[in-house]
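Reviewing the structure listed below.
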Amino acid sequence: MSQATENLILTLPDGSAREVAVGTTPLEVAADIGPRLAKDAVGAEVEGKLVDLRQPLAEGGAFRLFTAKDAEAGIFIRHSAEHVMADAVKRLWPEVEIDVGRIDHSEKFQYDFRFPRAFTPEDLEQIEAKMGEILAEDSTFERIEVSREEAARIFAEMGETLKVERLKDIPEGESITIYRDGSFTDLCRGPHVQRSSQIGAVKLLEASGVYWKGDETNEMLQRIYGTAFAKKEELASYLEQVEQAKARDHRRLGVDLDLFSFNEHAPATPLFHPKGAEIYNTLVDYIRELQNRRGFEEVITPQILDVDLWHLSGHYDNYREAMFFSEVDEREFAVKPMNCPTHCLIYKTRLRSYRDLPVRYSDFGRLHRYERSGVTSGLTRVRSFAQDDAHVFCTEEQIEAEVLAMISTIMEIYDTFGFESIEIELSTRPAKSLGTAEMWAKAEEALKAALGNADIDYTIHPGEGAFYGPKVDFQVNDALGRQWQLGTVQLDYSMPERFELEYIGADGAEHQPVMIHRAMLGSLERFIGILIEHTGGAFPLWLAPVQAVVLPVSEKFLEYGETVREQLRDAGVRVQLDGRNEKLGYRIREAQLQKVPYMLVVGAREQEAGQVAVRLRTGEDRGAQTVAEFLPGLRELVESRSREL
RNA sequence: GCCGGCAUAGCUCAGAGGUAGAGCAGCGGUCUUGUAAACCGCAGGUCGUCGGUUCGAUUCCGACUGCCGGCUCCA
């Protein structure tokens with residue numbers, strides 16, 4: 001009981017150390033440094049954790065104070081703006097009940113309300129205006145620690161029944177704080193700014209209905225999203241950034257680059273135009289080449305199979321609501337949502353020896369899954385797609401080597417596309433699953449052993465596995481910093497059992513093989529969508545649907561342009577000739593917008609010397625060279641699947 | 001599936017209760033073009049679909065379809 005005498009050491013960014021008593025607040029530290037800092041501070045950080053200026057410090061360590069100039073201030077500002085918004089809503093509609101705000105304030109804030117109708121865009125304007133009034137009041141954010149009972153009483157008195165419910169979710173023993181600013185009181189762990197005037201610019205973004213606690217069976221609340229910054233200019237630049245991101249949107253680029261389209265007659269299923277199909281097929285060629293070198297054999301399997309098969313595989317029971325069905329000759333068929341059952345059928349066509357294993361089947365077959373209407377989006381979530389799918393049938397002893405080989409291939413592929421910082425996740429048995437506990441334990445252990453022995457870092461996602469087995473998923477970050485799940489390696493003891501798959505072991509007895517499901521790019525559609533946004537449509541040369549365009553300076557050089565095109569075409573280059581009656585600048589601009597890697601200008605000088613003037617889409621001018629000089633470099637880049645030009 | 005928004009020419013968008021306009025693209029001409037948009041002209045639309053209100057609807061109302069932003073879901 002000597003808390004009053006205990007001291008903490010705080011290390012400031014300049015390296016200096018300060019000794020303060022336990023229970024000192026960051027604000028007091030700021031005041032000690034200088035009155036100006038105390039006034040301007042919006043928040044603090046201890047050992048990398050953001051803390052409220054009024055929160056008594058319990059531990060020392062690396063210590064920082066933030067003012068509006070620091071990027072971190074945004075977290076405090078948006079979290080505080082969130083309360084101001086809730087205050088505004090309550091002032092406008094006193095009967096509204098509040099639920100909770102957002103956890104991640106790195107970009108946005110949000111608040112959920114129990115409100116009898118949806119908020120309209122006009123409501124948002126009104127709320128934003130009211131927020132302006134509240135900000136003008138420049139009220140102070142007050143932090144109060146209360147007991148659980150006190151908190152329950154306060155919110156019950158305020159009629160905030162959702163809040164009282166939420167209070168029950170706070171683990172016993174955790175301290176409970178409430179924040180007050182203006183006329184608003186909320187259960188909140190903070191941290192917040194000191195005064196509302198530190199919130200310089202606010203914008204409400206959109207409203208939407210959300211399920212309470214994210215559960216579809218719960219009532220729907222109304223959520224409002226917004227963002228806030230210390231300065232108006234920061235808000236403007238954020239909105240500008242959002243606007244610019246739209247230019248990279250694969251749905252936008254898909255139209256601009258003439259890659260694919262969608263049609264009302266086939267919702268959520270893309271129609272690939274020639275250029276999109278070129279990319280698609282080039283990707284398939286790449287994967288095919290890579291995996292065939294590693295012992296995979298490609299198979300082609302039916303699109304539509306008797307529903308009996310899907311009963312046998314377990315898909316019907318687990319996945320029926322996401323399948324397409326068709327009745328013909330009074331017989332029920334299902335369109336395949338996965339390839340694995342058909343691969344089991346091939347496996348079973350003859351007696352397998354342990355000497356045959358592993359059997360590795362790959363399949364680029366088209367799959368159909370009925371995705372609920374509200375969830376589809378561009379190429380990233382479609383109802384018809386193909387995967388770079390494969391299934392390996394092997395013995396238990398072979399699992400580790402197979403999984404490791406898959407992982408190394410997957411990493412090689414991601415490297416080709418320039419995806420970095422790949423995160424690996426191990427997902428374990430979900431609630432809805434096939435097979436016994438022992439099967440699952442064995443499968444999960446096998447994957448852990450493979451990952452562990454290869455010294456691969458991974459995180460465990462409990463209950464996120466496939467219904468037939470645990471899996472290792474690969475998350476990549478694209479150029480825009482977004483995370484996507486691409487590859488997956490899934491262990492399956494269940495399907496072999498259901499299909500009664502066997503092999504004859506060295507002991508002459510029958511054994512059951514293990515099945516490994518594998519995808520690397522995942523859905524090709526989705527991968528193309530991600531790649532479009534990752535590259536902004538400027539595909540690496542080997543994938544570019546048009547690799548070079550020949551541009552005669554005028555009609556007079558059209559004929560020479562044609563001979564150049566023929567030379568390149570014969571060499572296997574995807575080349576076009578733009579001999580339209582337009583100025584060179586016009587056609588350059590167009591090729592540039594189409595992100596064609598090479599523009600080959602031919603005029604009098606080039607014709608004379610049998611050359612082409614090489615311009616890159618980067619704007620670089622390579623000068624004049626003969627086709628014979630130009631080709632080898634291009635070929636080398638294509639063959640090595642380089643990202644360079 | 002749930003909440004909200006949107007739907008006008010190939011694309012981007014304007015418009016009003018009296019059956020529609022611009023820019024770009026397209027087509028025709030002039031120009032014969034040298035590294036990110038030459039000039040002139042022409043054509044192009046059942047205003048997503050169906051129903052209702054109205055003398056009259058593309059405009060107002062409703063349903064449906066599709067798309068967009070969220071929620072949930074994604075074996």
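Chain naming here is simple, since letters A, B, ... match the order of the sequence lines and numbering starts at 1 in each.
Under the Watson-Crick or G-U wobble criterion, with both distances below 3.5 Å, rA38(B) is paired with rU30(B). Across all strands shown, the partner of rC64(B) is rG48(B), judged by Watson-Crick or G-U wobble contacts whose two distances both fall under 3.5 Å. Under the Watson-Crick and G-U wobble criteria, each requiring two contacts below 3.5 Å, nucleotide rC73(B) is left unpaired. The nucleotide rG23(B) finds its pairing partner in rC11(B), both defining distances of the Watson-Crick or G-U wobble pair being shorter than 3.5 Å.
Between the C1' atoms of rG34(B) and rC47(B), the separation comes to 45 Å (whole Å). rA22(B) sits 11 Å from rG15(B) when the C1' atoms are compared, rounded to a whole Å. rA43(B) sits 35 Å from rC6(B) when the P atoms are compared, rounded to a whole Å.
A salt bridge links R574(A) with E278(A): the closest approach of a Lys/Arg side-chain nitrogen to an acidic carboxylate oxygen falls below 4.0 angstrom.
Taking atom CG of L616(A) as the reference point, atom P of rA36(B) lies 14 Å away to the nearest angstrom. Whole-Å rounding puts the E608(A) CD to rG34(B) P distance at 19 Å. Look at CE on M220(A): it is 11 Å from P on rC71(B), rounded to the nearest Å. As a whole-Å value, the separation of L204(A) CG from rG70(B) P is 16 Å. One interatomic measurement links the two molecules: NZ of K108(A) to P of rG70(B), which rounds to 6 Å at whole-angstrom precision. In this structure, Q222(A) places its CD atom 16 Å from P of rG70(B), rounding to the nearest Å.
OP1 or OP2 of rU32(B) has not a single side-chain nitrogen or oxygen of K583(A) nearer than 4.0 Å. At the phosphate of rC31(B), neither OP1 nor OP2 sits under 4.0 Å from any side-chain N or O atom of R580(A). Close to rU12(B), at under 4.0 Å from its OP1 or OP2, lies a side-chain N or O of R252(A). Residue R251(A) has a polar side-chain atom (N or O) positioned under 4.0 Å from OP1 or OP2 of rC68(B).
For H534(A) and F419(A), the distance between ring centers is under 6.0 angstrom. Aromatic pair H311(A)/Y316(A): centroids less than 6.0 angstrom apart. The aromatic ring centres of Y493(A) and Y468(A) sit 6.0 Å or more apart.
Considering only the side chain of E264(A), rG66(B) comes nearest among rU33(B), rG70(B), rG66(B).
Residue Y225(A) is classed as a sugar-phosphate contact, given heavy-atom separations below 4.0 Å to backbone atoms only. Using a 4.0 Å heavy-atom criterion, one finds that Y211(A) contacts the bases of the nucleic acid, with or without backbone contacts as well. When heavy atoms are screened at a 4.0 angstrom cut-off, E555(A) is found touching base atoms of the nucleic acid. A268(A) comes within 4.0 angstrom of sugar-phosphate atoms only, judged by non-hydrogen atoms across all strands, and of no base. Counting any heavy atom pair closer than 4.0 Å across all strands shown, G623(A) reaches no nucleic acid atom. Looking at heavy-atom distances under 4.0 Å, L593(A) makes contact with a base.
Contact of the Y111(A) side chain with the Y225(A) side chain is not registered, since no non-hydrogen atoms from C-beta on lie closer than 4.5 Å.
Using modelled atom types, no side-chain atom of D363(A) and backbone atom of N339(A) make a donor-acceptor pair closer than 3.5 Å.
Applying the 3.5 Å distance criterion, the base of rC31(B) shares a donor-acceptor pair with the side chain of N581(A). Side-chain atoms of Y370(A) stay outside donor-acceptor range of the base of rG1(B), with no qualifying N/O pair under 3.5 Å.
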